[in-house]
Protein chains: 2
Amino acid sequence: MPAPAATEVDRPADRTADEAADQAVARTWTIREIADEFRVTHRTVRHYEELGLITPERRGTTRIYHRRDRTRLALILRGKRLGFPLEEIRTIIDLYDRPRGKASQLEYVLGQIDERRTDLEQRRRDLEDALTELAEFERRCRTDLDRLG
Amino acid sequence: MPAPAATEVDRPADRTADEAADQAVARTWTIREIADEFRVTHRTVRHYEELGLITPERRGTTRIYHRRDRTRLALILRGKRLGFPLEEIRTIIDLYDRPRGKASQLEYVLGQIDERRTDLEQRRRDLEDALTELAEFERRCRTDLDRLG
DNA sequence: CTTGACGTTGACGTAAACGTAAAGCAATAC
DNA sequence: GTATTGCTTTACGTTTACGTCAACGTCAAG
């Protein structure tokens, strides 16, 4: 998996100007704008659309992005940082805005949620282990360094 | 990134027989054995060797795997579950068994450790956020379900 | 001694996640 | 006007992480 650097920013830097406008007119964005803000290329954004992860409005041939699309993009990028493949991310996102259905539907969704959580908790264990080992390793490095200085 | 399922097992199931043998004669393993135990194919194991992540002993043309190789394989698989690309995993593993060098070397290693930790901590934040949202989402599902039942 | 189970080295195939180049509209800038 | 800028689609290229033969060596069992 092509994993992204964790230094990525998934929120735009300058929100001050945006926020005022958001309240006033329900701002929209062009593909270049959200691509830049989320530190990805427009090609990447379109790729996510091809996979059905985002579905921006179309004004003629031009794509118009709403707040909803930004939320989704943030979810996608976080999923990527967590190492999930895009297809899996899609099923997760689809869960999020599935309309409140019948009981059987909800049961299904709850099952999916449980799978997801099991998965995430495994990752958390891996992560804690890695951090613990890293700390231990750093400690050894420092004592070695002290011995030299 | 092609990320693996978190249901993977990265430790052999039957350790009882192994442990006794380990103490006695420093057991070794064949490629098929560790592949089976770690739930990967032998092709995968060889792929990791091609990338320099594992370097098993060679008896003639046959590969002999020691405990050291098993440790590395476990590290690799955990790295994969965390979403790291193999090349990056290699640099991490290389850090782990770098011989205790000079001060400048150690400084470098400490720098690397710090990068790695920053990265992991970002992932941890993402993970906690995801789990929190998942819990909240589950709660909403359950209340919807109660309303129906 | 040949059959089969496992080992080996290539070499080519593939799926995911984009990159990149080509070529075309459409509006604004000069 | 035309030139630039920005959006669009189509389409082929690339990297990662293996899968999948093919073709061969080797050792124990029948």
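This structure is a prediction, so every number in the text was calculated from the model and none was measured. Chain naming here is simple, since letters A, B, ... match the order of the sequence lines and numbering starts at 1 in each.
For A/D114, the side-chain hydrogen bond (donor to acceptor under 3.5 Å, both in side chains) partners at least two apart in sequence or on another chain are A/R117. Residues forming a salt bridge (charged side-chain N to carboxylate O under 4.0 Å, His left out) with A/E107 (at least two apart in sequence, or on another chain): none. Applying the side-chain hydrogen bond (donor to acceptor under 3.5 Å, both in side chains) criterion to A/H42, with sequence neighbours excluded, gives no partner residue.
Computed from coordinates, the B/W29 CH2 to C/dG7 C1' distance equals 19 Å when rounded to whole Å. In this entry the distance linking CG of A/L73 with P of C/dA17 reads 15 Å, nearest Å. In this entry the distance linking CD1 of B/I31 with P of D/dC18 reads 14 Å, nearest Å. Taking atom CZ of residue A/F84 and atom C1' of nucleotide C/dA16, one finds them 16 Å apart after rounding to whole Å. Atoms CZ (A/R43) and P (D/dT9) sit 11 Å apart, rounded to a whole Å. Counting to the nearest Å, the C1' atom of D/dA17 and the CD atom of B/E87 are 11 Å from each other. In this structure, CZ of B/R90 is placed 15 Å from C1' of D/dA17, rounded to the nearest angstrom. As rounded to whole Å, 17 Å separates atom P of D/dT16 from atom CG of A/L86.
Contact check, B/K80 against D/dT16: no side-chain N or O comes under 4.0 Å of OP1 or OP2.
For A/T44, the listed nucleotide lying nearest its side chain is C/dC18; candidates were C/dC18, D/dT8, D/dC18.
Between B/D129 and B/R125, none of the side-chain N atoms (NZ, or NE/NH1/NH2) sits under 4.0 Å from a carboxylate O, so this pair counts as no salt bridge. Between A/E88 and A/R116 there is a salt bridge, with a side-chain nitrogen of the basic residue lying less than 4.0 Å from a carboxylate oxygen of the acidic one.
For residues 45-65 of chain B, proximity to DNA chain D is found at B/H47, B/Y48, defined as any non-hydrogen atom under 4.0 angstrom from a strand atom.
Applying the ring-ring contact (aromatic ring centres under 6.0 Å, His included) test to every pair with at least one member in residues 115-136 of chain A, sequence neighbours left out, gives no pairs at all. Contacts classified as ring-ring contact (aromatic ring centres under 6.0 Å, His included) and involving residues 102-149 of chain A (residues at least two apart or in different chains) are given here: A/F137-B/Y96.
A donor N or O paired with an acceptor N or O is not found under 3.5 Å between the base of D/dG6 and the side-chain atoms of A/R32.
The 5' end of DNA chain C is approached more closely, in terms of each residue's nearest nucleotide, by B/H42 than by the other of B/H42 and A/T41.
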